[in-house]
Asks: 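Handing you a structure now.
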Amino acid sequence: MFDELKRIVYAANMDLPKYGLVTFTWGNVSAIDREKGLFVIKPSGVAYDKLTPDDMVVMDMDGKRIEGKYNPSSDTPTHLELYKAFPEIGGIVHTHSPYATAWAEAGRSIPCYGTTHADYFYGDIPCVRCLYDDEIENDYEKNTGLLIAGEFKRANKDPRAVPAVLCKNHGPFTWGKDAKQAVQNAVVIEQVARVAYMAEKINRDLEPAPQVLMDKHYNRKYGVDAYYGQS
């Protein structure tokens, strides 16, 4: 019944090891069918080289498994809360890619130091606080999603303009209009995190890129008068 979405989610999950974003089973991708009110996600703890499209798990918006022989990813409640909070997104990725995770473990947002960053993320990639003890002990994964959604609302951040977040002491989540774009953003955040780390090593007094340059690079791809790429 959900063969096409399962195939899409399977292919997106297989891109994570392809791009060197995961070790063992440390990552997951999901995608949502908004019309049906269902999303598909990788099963929990199953090795990538053992996965097939049929192994993907179908979930409803109440967190109930609709189809699939395996338990869904342990991060499923986080994905669910993000889909509820951000109706514009169609796919979500979570990894523990090393450079992005290093920034998360350091508890630092990633500043926009240059055009590579600005081409994909409008401004800093935020790092949200660590969950409190009771949030960790009760509904940890759900509370992770609520924390991310709450921070974007509090800071008035558009999840389409900043399609990524770092969770302190944990790692990155990215999203996009579909699973493919969410994976692309996961690849880019890892590269941006790596370049920012190196740039700070080269120049300890480094300042963020000028706002006019950030605006130019982001808007030439996504603004009203965007001209990057082919029409």
Side-chain angles (χ1 to χ4, degrees), residues 8-31 41-51 56 72-79 82 86 89-131 140-141 144-145 147-148 151-152 157 159 161-201:
I8 290 169
V9 172
Y10 166 77
N13 272 285
M14 297 309 290
D15 278 341
L16 299 187
K18 172 184 173 182
Y19 290 113
L21 298 179
V22 297
T23 302
F24 300 124
T25 60
W26 306 353
N28 45 73
V29 184
S30 71
I41 194 165
K42 175 185 175 287
S44 178
V46 179
Y48 283 89
D49 61 356
K50 302 296 183 184
L51 285 174
M56 301 300 105
S73 166
S74 58
D75 294 304
T76 296
T78 306
H79 288 238
L82 294 179
F86 303 153
I89 69 175
I92 298 170
V93 174
H94 173 52
T95 75
H96 290 258
S97 59
Y99 281 91
T101 300
W103 283 84
E105 292 187 357
R108 285 191 60 190
S109 300
I110 305 176
C112 181
Y113 287 133
T115 61
T116 306
H117 182 130
D119 277 339
Y120 290 88
F121 307 107
Y122 189 58
D124 293 359
I125 299 169
C127 183
V128 300
R129 64 171 173 83
C130 186
L131 294 172
Y140 167 62
E141 291 85 4
T144 298
L147 174 63
I148 295 167
E151 176 59 24
F152 270 68
K157 282 188 177 289
V162 187
V165 71
L166 302 174
C167 293
K168 190 172 186 289
N169 307 121
H170 188 179
F173 284 84
T174 62
W175 47 82
K177 64 182 180 180
D178 51 28
K180 183 177 180 179
Q181 189 179 71
V183 170
Q184 180 185 60
N185 289 332
V187 174
V188 175
I189 193 177
E190 177 63 8
Q191 183 71 356
V192 163
R194 181 170 178 261
V195 171
Y197 169 79
M198 291 189 293
E200 288 194 355
K201 288 293 185 183

Asks: Is the shortest heavy-atom distance from the side chain of His79 to the side chain of Ile41 under 4.5 Å?
Replies: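 Sidechains of Ile41 and His79: in contact.
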
Asks: So do the side chains of Val183 and Lys180 get within less than 4.5 Å of each other, counting heavy atoms only?
Replies: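 In short, these two side chains do not touch, never coming nearer than 4.5 Å.
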
Asks: Supply the atom-to-atom distance Ile125 CD1 to Ser109 OG, rounded to the nearest 0.5 angstrom.
Replies: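 One gets 9.0 Å once the value is rounded to the nearest 0.5 Å.
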
Asks: Using the ring of each side chain (for Trp, its six-membered ring), is His94 parallel, tilted or perpendicular to His170, with breaks at 30° and 60°?
Replies: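 Plane angle over 60°, so perpendicular.
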
Asks: Does Pro126 reach the side chain of Phe152, with side-chain heavy atoms less than 4.5 Å apart?
Replies: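 They are in side-chain contact.
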
Asks: Under 6.0 Å from the NZ atom of Lys157, do we count more than 12 heavy atoms belonging to anything else shown?
Replies: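 Yes, enclosed.
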
Asks: Just verifying a value: how many Å separate Ser30 OG and Ile8 CD1, rounded to the nearest 0.5 Å?
Replies: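 These two atoms lie 12.5 Å from each other.
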
Asks: Within this structure, what is the CD-SG distance for the pair Glu105 and Cys130, rounded to the nearest 0.5 Å?
Replies: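 Between atom CD of Glu105 and atom SG of Cys130 there are 11.0 Å.
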
Asks: In the structure I gave you, are the side-chain heavy atoms of Leu166 and Ile189 within less than 4.5 Å of one another anywhere?
Replies: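 SC-SC contact between Leu166 and Ile189 confirmed.
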
Asks: Looking only at atom types and distance, does a side-chain atom of Thr25 sit under 3.5 Å from a main-chain N or O of Val46, one as donor and one as acceptor?
Replies: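 Not at all, since once roles are kept as given, no pair shorter than 3.5 Å links the two residues.
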
Asks: side-chain contact (heavy atoms from CB on, under 4.5 Å), that's the test. Do Tyr113 and Val195 meet it? Break it down for me.
Replies: CA-CA 9 Å; Tyr113 287 133; Val195 171; over 6 Å; no

Asks: Would you check if Trp175 and Ile148 make a side-chain contact, meaning some heavy-atom pair closer than 4.5 Å?
Replies: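 Of all side-chain heavy-atom pairs linking Ile148 with Trp175, at least one is under 4.5 Å.
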
Asks: How many angstroms lie between CH2 in Trp26 and OG in Ser97, if you round to the nearest 0.5 Å?
Replies: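 Interatomic distance, Trp26 CH2 to Ser97 OG, rounded to 0.5 Å: 11.5 Å.
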
Asks: Does some side-chain heavy atom of Cys127 sit less than 4.5 Å from a side-chain heavy atom of Arg108?
Replies: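 Of all side-chain heavy-atom pairs linking Cys127 with Arg108, none is under 4.5 Å.
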
Asks: To the nearest 0.5 Å, what is the distance between CE on Met198 and OH on Tyr99?
Replies: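 Atom-to-atom, Met198:CE and Tyr99:OH are 6.5 Å apart.
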
Asks: Just wondering, do Arg129 and Leu147 contact through their side chains at under 4.5 Å, heavy atoms?
Replies: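 They are in side-chain contact.
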
Asks: Surrounding OH of Tyr48 (heavy atoms of other residues, nucleotides or ligands, distance under 6.0 Å), is the total greater than 12?
Replies: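 Counting neighbours around OH of Tyr48, more than 12 heavy atoms of other residues, nucleotides or ligands fall under 6.0 Å, so yes.
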
Asks: To the nearest 0.5 Å, tell me how far Ile92 CD1 sits from Asn28 CG.
Replies: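 Nearest 0.5 Å value for the CD1-CG distance: 9.5 Å.
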
Asks: Is it true that the side chains of Asn185 and Thr174 contain a donor and an acceptor less than 3.5 Å apart?
Replies: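 There is no such pair (donor and acceptor under 3.5 Å, judged by atom type) between the side chains of Asn185 and Thr174.
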
Asks: Please answer whether the main-chain N or O of Gly27 pairs with a side-chain N or O of His96 as donor and acceptor at a distance below 3.5 Å.
Replies: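 No, His96 side chain to Gly27 backbone: no donor-acceptor pair under 3.5 Å.
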
Asks: Evaluate Ile110 against Phe121 for side-chain contact (heavy atoms from CB on, under 4.5 Å), listing each step before the verdict.
Replies: CA-CA 10 Å; Ile110 305 176; Phe121 307 107; over 6 Å; no

Asks: Checking Asp178 side chain against Gln181 main chain: does a donor-acceptor pair fall under 3.5 Å?
Replies: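 Here the side-chain-to-backbone pair exists.
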
Asks: With side chains defined as the heavy atoms from C-beta onward, is the minimum distance between Pro98 and Glu190 less than 4.5 Å?
Replies: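 Yes, at least one pair of side-chain atoms sits under 4.5 Å.
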
